[in-house]
Asker: 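My questions all concern the structure below.
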Amino acid sequence: MKKELVSGLPKLWAHHPAERLECPGCQYPVITRIVYDVIDELGVEGKTILINSSACGYGIVLTTSMDAMFPNHGQGIDVATGVKRLLPDCFIISFGGDGDVAAIGAGAFVNAGQRAEKYTLIMVNNGHFAMTGGQLAPTTLMGQVTTTSPEGRGPDMGYPARMPEMIATVQGVAYSARGAANTPANFLKTKKYVKKAFQKQIDNVGFSFVEFLSACPTGWHMTPQESIKWVEEKMIPALPLGEFKDVDTLD
Amino acid sequence: MKKELVSGLPKLWAHHPAERLECPGCQYPVITRIVYDVIDELGVEGKTILINSSACGYGIVLTTSMDAMFPNHGQGIDVATGVKRLLPDCFIISFGGDGDVAAIGAGAFVNAGQRAEKYTLIMVNNGHFAMTGGQLAPTTLMGQVTTTSPEGRGPDMGYPARMPEMIATVQGVAYSARGAANTPANFLKTKKYVKKAFQKQIDNVGFSFVEFLSACPTGWHMTPQESIKWVEEKMIPALPLGEFKDVDTLD
Amino acid sequence: MAKGEIVIDEMYCRGCGYCVDFCPKDCVAIQEDKFTPQGYPLSSFVRPEDCTACGICSFMCPHHAIEVYRYVEE
Amino acid sequence: MAKGEIVIDEMYCRGCGYCVDFCPKDCVAIQEDKFTPQGYPLSSFVRPEDCTACGICSFMCPHHAIEVYRYVEE
Amino acid sequence: MGERLFVIGNEAIGWGALNAGCDAYMGYPITPQNETTEWFAKEFPKRGKVFVQSQSEVGSINIVFGAASTGHRVMTSTSGPGWGLMQEGMSHLANGELPCVISLVQRGGPGAGTTRHGQMDYLSATRGGGQGGYKNIVLTPASVQETHDFVQLAFYLADKYLNPVIVMTDGLLGQMAEPLELRNLDFDPLPEKDWAVRGRENHPDGVRRVVTAMQGLMPTPPHPPYTGFLDLLKVLNEKYETMKESEVRYETYLIEDADLIIVAYGYTARVSKESIKTARKEGLKVGMIRLQAVWPFPYEIITEMASKGPRFLVVEDSLGQLIEDVRIGVQGKTDMHLLGALARHDPSDGGMILPDSVLNEIYRLMK
Amino acid sequence: MGERLFVIGNEAIGWGALNAGCDAYMGYPITPQNETTEWFAKEFPKRGKVFVQSQSEVGSINIVFGAASTGHRVMTSTSGPGWGLMQEGMSHLANGELPCVISLVQRGGPGAGTTRHGQMDYLSATRGGGQGGYKNIVLTPASVQETHDFVQLAFYLADKYLNPVIVMTDGLLGQMAEPLELRNLDFDPLPEKDWAVRGRENHPDGVRRVVTAMQGLMPTPPHPPYTGFLDLLKVLNEKYETMKESEVRYETYLIEDADLIIVAYGYTARVSKESIKTARKEGLKVGMIRLQAVWPFPYEIITEMASKGPRFLVVEDSLGQLIEDVRIGVQGKTDMHLLGALARHDPSDGGMILPDSVLNEIYRLMK
Amino acid sequence: MDKSVNKRADLIIAGLGGQGILMGGKLLATAAMSLYRCSLWLPSYASRVRGGPSECTVIFSDDDIDSPILSKAYAVILVDPPQLKLFEQRVRPGGYLIVESAGLNETIERKDIKMLSVPALNMAIEMGDRRASNMILLGVYLGVADSIPVPIVEEELNRRFAKKEKVRLLNLSAFRKGLEEAHKLAA
Amino acid sequence: MDKSVNKRADLIIAGLGGQGILMGGKLLATAAMSLYRCSLWLPSYASRVRGGPSECTVIFSDDDIDSPILSKAYAVILVDPPQLKLFEQRVRPGGYLIVESAGLNETIERKDIKMLSVPALNMAIEMGDRRASNMILLGVYLGVADSIPVPIVEEELNRRFAKKEKVRLLNLSAFRKGLEEAHKLAA
Ligand SMILES: Cc1ncc(C[n+]2csc(CCOP(=O)(O)OP(=O)(O)O)c2C)c(N)n1
Ligand SMILES: Cc1ncc(C[n+]2csc(CCOP(=O)(O)OP(=O)(O)O)c2C)c(N)n1
Ligand code: SF4
Ligand code: SF4
Ligand code: SF4
Ligand code: SF4
Ligand code: SF4
Ligand code: SF4
Ligand SMILES: [Mg+2]
Ligand SMILES: [Mg+2]
């Protein structure tokens, strides 16, 4: 009997096992897989530039064989603007953490949307600042304990940011969605979102944005199983999955 | 016959004619009148601190007899957060220009909303950066000529920012509206919006926000009459007046 | 009959003409030959008889140059 | 009957157990006594007979440790 | 004697602030100072004090601007890139003459550099990294206790001069634990903060207060009613000159008979001291000037010692920043040498300047 | 001879950039440099070049980071508070070794200060105002023509050293009009920008490129495959040392026989020259070292002249910044004096250092 | 100030924002470009006050122009008479202070300079547009200073207003009125 | 290293992140506070690598502690044997290198230091929790160095784990096992 490969290492993944640093059960590499696979399916690998300013996502820079950039925290959005404006024929994906996009990068985020910048931003939402030790992020859920909300997030610290809903109100935005990979079905749906977002860039419509709810077992002090459950039972109810904007023209 | 004063100089206005610098027909002092009158009606003058980081609105600092601050462009939102957090019993109004709030201050704006900061922000939208000579702002209308969009704003420069609509999606926001004073009726409606916004602060509900469409004859190179017409015929259709959020509790 | 009257402060008026535009009774006008000390055209209360003391000219005046008084029976 | 098979790379596996959780056919398990060279628990393909080669274990694996092969008639 | 704790430097910042009567902290996480932010998040709310996690360091410093305007004692802390982002706001604080404390836990740079220690923000901190030529006192503790004490001193100096004060440590001092005696230091009494905004009804004189980031619009004491920009410059200049005269802080160690004087601050000063002790045992006459404040800088003692002949060795974990000030002091009167970051013992960002390296440099120069 | 225009300094920046083959400008309005931003908005799009009005100066500098990474020639411009906001990004550009040009039109500070001229960003620009101790060349033209020419030079030097280069003028030079001859300057050939990101299919070797703000992850020429942070420091240090040796730029004027040497740059150098001419007519031996670059700084000529005995007078429109460098050069060998911002002729922000003031100071020192 | 003798001319135009001061100066400086090796125009205005004090400096010279700022100039055109005392001090001995006469109710004390009081505003209003008064004053200046040949200034004036024929004609005749006025005053 | 003689003790604990290295060192340093005038704990870990090299320095002394960094220490506890060669260099003459034996397949070359190879991992697994191995090694160190009286360390250990009784008991007995082991090795 012949064997045919159904799924394995993403094609665009460069082998650096020594440098694959994500914690066991971390879903960062899951969204990376989705992105790499869609890039592959769209055949744009050769003209892709990946930009990552999400902290725990720096593995992306290490594991891709595509052109890549690793600017500082909070700068991946503006940096992507600079790259895309100079290389309009290139395919630009910028990864940000939730702290990255919803906190320090929020001004860049809103204005990239307002200027209708023609690239795709992926926000990996693990509900806190993982890299720096698990502090509150704007996305942190009510009641969630972090190192800067030791008693849990209360209303005095505000409410969880809903970035796709917010940016969907901005005219320059062509696509906005929230996905997760808590189930295989949601994995596949998220992949569809990512593909649509990329297509908006290829069609030069406007800014495209996908938020990804990402389990962070280490930062949450949970087993991987508990972390997936948390995504399902806590995050998704507060931050519902789905598409919030999908237009083919901005006028 | 006795005479009774119906309307005149706003009560809280300090007399500094030499320093009243707004151009003839500028509507900055109109929103100031509204704010001063509402503060007066609410009887909170003595505990009010006015913060102004809108450029052409620095007159506010000069003409008020209340405590006041004039931080740099883009900082009136964060500065208001600092003041209100330390003086929760004071009544804090922060004025920003459209450049101020929608461009440089957009990150502060979104995050003040996300943190449900308990003060009121008034954005004076004159459609461009008036003080620095009339450059494009995120709010500039399509086709509008500014010194940095000499051929008129085209889609390559994005689309007009709709701040009240956007911030209304943020959970920490209690109130969001857009007013104008192109007619006496709209003047009165805007005053109602401002009063509601202030009430949210007094009731400690959450962040409150009012955008004011403000004629800028000088910056627009128009007569005052033409500028009011522009507000009516160009701005309001693109940036409709009304309330976008009004809640009494954030949960 | 006039229900009230207005007083225009020539120190403040900057001649924008909003009072003229918005007075529902056409009581105010800019007169070509009147100027404020600062050289701006000065608006004038030209048809006092129709004034309803509605206050519009005052609150629409950006430069706070108008006081509106209502006549009240004693 | 098995429609395919999977290969777990012990260099990559970090023992998170997602493959176990998500395999619809319960073909994968973490065996208490097996460890990767880096000391993580290692998952194993324990019930090959039911594998449908659906690929789920592979794409849900964060560490890209699983290759899924489908048998094709020659 | 106060309570004795065993805490890391980043936590000592918090304890120092608490003992200084600090009312509010606003900050944004960044390694290697996260324990400071976390300390305040844990300890301040439960004491009814204000903790705000800002959305960025631009946010932090502007929220500090607002908070300091109310006359309360407020502080923030940061490192590397966050420090870079605060530069505009630092200048506004100086313009508005607003007292506040910034703790700067240095890491390696430039750019995002490393999340570990470094002494690479010296020039930025002492030269007014932001626009427009302001000045701020920069205190440089070298132990956990001194960190705690200097934070208290910083609050006092900030209020005294109506100026931001920086407490500058580094990732190593921040992560290091030592015993800490909680104690309240005594300082001279300070005047009322009559200039602060509080709402007009809260001012005894019923006159409004105004705070700006532009120039002296503040007709309230102690701010003079400036008639123009030049007045502001004069006031600031005078203040800066007073600070230069009054706030020089350093410690000398065996410099009287020294043939070689080391100049250092923070962790490298401690490392150097150990090497000096070893060298002294071998009869090598080495001494040290340890800087407890790097602005204002003790040019005088440097010049005085330099004219007596001993050579100078600057030990700092950078490519050469402090050495610029030493150069100004030395005035070409004697030899000057740098043992800098290139002398780190390890190519990774864990590399440090070790006592052995300093000792070898002493040997090289003296034997 | 190229076309001759009568333009202001802020426009000359644009013309210089155009003649340097600049591909993109990104910036945010701020007085007194708005004409630069507006020039690019008007002239670049119609030539198919990129103009982006950013949302803030943090935005500008990060968009520059992205744009520069593609190997194109890019620039931004700013003043005062905007410069403060760019400090973090400046450091990242230095870390990533990304060539670009920043035009800094100085205004009065600190804080928002004034929207008029000033020379108050000297230390911030020359000392790496942001985090982590980077260096950048700072060119200081003194005329409209020189502004145009130095912008071209700046692009060349940026590409040569893979480093940001600052062209620093001030509100006065920026607003002033003079004839400008549009000309293309000749520079040595530069290597291909093989390190730039362009998409892998666009690299002849088929190998990816990586640009970071953290440290040398870039295994692409000319970036060495750093094995650790120390390697990055070594590479940067070597580059900075090369710049220090090779890029010193100044002009001397009648210093050979001088009893008093003025040191100045930009507008105050021009003012001083006029005073020197007047003084010379009266037989007073005054000369000048006019700085065309303030980093690297020509310490050597200062030291050399100082040892010959003439006194030094620094004329700068600040509270004393350039004087720090002169002090390093002078090494206490001779007298040094400052004619600074406090000597402005007018208390408003329109105050300037006038030729008469310089002349009077010359008299005071020499008569 | 004849070019062939001095090779340098300088003047200050001062008044309030909106009085056409900056434009007038720039016109002269641009015209001077074809004649002098160097030419310089430096505006200065109070940034935070609309309609506040505004001035510009114009220098043309065959030698290098060093200081872009003048402590004193050969000629000062003052469009805002209340500032008379201030600008009296800014004229070099032997030079001219050309003042708008409308609103002028003082006179100068210095004997070493000449003051020319010009009813430019009235003349302009007579010509139909008060905004032309700056051109009249410019004409007066050129009439007495002779620093640039009239045709060259007129050429620049025509160039600058090439697209606005009415404005061009107005300004041209205002400028010529100023020249005439200068000759009257000089006489 | 008897306190009464030297008045100073120092050690380095080295291994990989997650091996309890930092905690072990901090426990000792805290315990030392009541006995020595000065006590210092300095962690060091590769920030960008989870589970990467990690070490901490512990110093206690009645004199001032100057350098917080040690080029060499009296004792090194090495939990990660592959780093043996590196840490062989970090022991001062006459000092101890205490190494985990599981995975150790080299030996040291220096004659002037003593290497103690301890099967701490195996011992800990036998005790029911591999995570206790660091306490065993700590016990070995104290057994040979005698820098802090055992009761003081145990008191601190009890204090630290006061809220987790099971962990406390585990660590306490591991620590005692280490002490025993030290005496065996010393014998
Ligand atoms: C200007 C600046 N501020 C702070 C930091 C420190 N920092 C690095 S990553 C990070 C937050 C990371 O959170 P997030 O973006 O959610 O990414 P995650 O680590 O959760 O993937 C912070 C605050 C920095 N590098 N630069
Ligand atoms: C950091 C910084 N960048 C830029 C400026 C310059 N600046 C002052 S006001 C302003 C824009 C004003 O626009 P807006 O906020 O719309 O207020 P308006 O003048 O229209 O009332 C700008 C860009 C500044 N002061 N600080
Ligand atoms: S800390 Fe969380 S987000 Fe970061 S690598 Fe570990 S699991 Fe992933
Ligand atoms: S420029 Fe516009 S906004 Fe500014 S004062 Fe004048 S009219 Fe008002
Ligand atoms: S609205 Fe006011 S300023 Fe305008 S013309 Fe009437 S009175 Fe004068
Ligand atoms: S009060 Fe009303 S009616 Fe009277 S003048 Fe004013 S607008 Fe007209
Ligand atoms: S999902 Fe991957 S890493 Fe996790 S246990 Fe299975 S094979 Fe191992
Ligand atoms: S391919 Fe599908 S059935 Fe086979 S092991 Fe993987 S998840 Fe189970
Ligand atoms: Mg996160
Ligand atoms: Mg505006």
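Below, chains carry the letters A, B, ... as their sequence lines are ordered, and counting in each starts from 1.
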Asker: What are the two closest non-hydrogen atoms of B/Pro224 and C/Cys16, and how far apart are they?
Answerer: CB-O, 3.5 Å
Asker: Side chain, backbone, both or neither: which part of B/Asn186 has a non-hydrogen atom closer than 4.5 Å to chain C?
Answerer: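 Answer is neither: B/Asn186 stays 4.5 Å or more from chain C.
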Asker: With the side chain counted from C-beta on, respond yes when B/Trp13 and C/His64 share a heavy-atom pair under 4.5 Å apart, and no when they do not.
Answerer: yes
Asker: Look at the rings of B/Phe187 and C/Phe59 and say which category their plane angle falls in: under 30° parallel, 30 to 60° tilted, over 60° perpendicular.
Answerer: parallel
Asker: Which of the residues B/Ala181, B/Pro217, B/Pro10 is involved in the greatest number of heavy-atom pairs with chain C at under 4.5 angstrom?
Answerer: B/Pro10
Asker: If you compare all heavy atoms of C/Pro62 against all heavy atoms of B/Pro29, which two are closest, and at what distance to 0.1 Å?
Answerer: O-CB, 2.8 Å
Asker: Using heavy-atom distances under 4.5 Å, tell me whether B/Thr32 contacts chain C through its side chain, its backbone, both, or neither.
Answerer: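 It is neither, since no heavy atom gets under 4.5 Å.
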Asker: SG/B/Cys23 to CZ/C/Arg14 distance, rounded to the nearest 0.5 angstrom?
Answerer: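 Rounded to the nearest 0.5 Å, the SG-CZ separation comes out at 7.5 Å.
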Asker: Strictly distance-based, threshold 3.5 Å: is any side-chain N or O of C/His63 a donor or acceptor partner for the main-chain N or O of B/Gly25?
Answerer: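 Answer holds: yes.
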Asker: Is the number of heavy atoms from other residues, nucleotides or ligands within 6.0 Å of NZ (B/Lys47) greater than 12?
Answerer: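 No.
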Asker: What part of B/Leu188 gets within 4.5 angstrom of chain C, counting heavy atoms only: side chain, backbone, both, or neither?
Answerer: side chain
Asker: Count the heavy atoms of every other residue, nucleotide or ligand shown that sit under 6.0 Å from CD of C/Glu49, and state whether that count exceeds 12.
Answerer: yes
Asker: Do C/Ser58 and B/Arg33 have side chains that get closer than 4.5 Å, going by heavy atoms?
Answerer: yes
Asker: Measure distances from C/Ile56 to the heavy atoms of chain B and classify the residue's part below 4.5 Å as side chain, backbone, both or neither.
Answerer: side chain
Asker: Does the pair B/Lys3 and C/Val72 meet the rule for a side chain to side chain contact (heavy atoms under 4.5 Å, CB included), with working shown?
Answerer: CA-CA 6 Å; B/Lys3 290 189 265 179; C/Val72 280; over 6 Å; no
Asker: Is the closest side-chain heavy-atom distance between B/Gln225 and C/Tyr18 below 4.5 Å?
Answerer: yes
Asker: Step by step, would you call C/Met60 with B/Val30 a side chain to side chain contact (heavy atoms under 4.5 Å, CB included)?
Answerer: CA-CA 7 Å; C/Met60 293 299 281; B/Val30 175; 5.6 Å; no
Asker: Tell me, for C/Tyr40 versus chain B, whether the close heavy atoms (under 4.5 Å) come from the side chain, the backbone, both or neither.
Answerer: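 For C/Tyr40, the contact with chain B is made by the side chain alone.
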Asker: Just so I understand: if I count every heavy-atom pair under 4.5 Å between each of B/Ala215, B/Gly8, B/Pro24 and chain C, which residue has the most?
Answerer: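 Highest number of pairs under 4.5 Å: B/Pro24.
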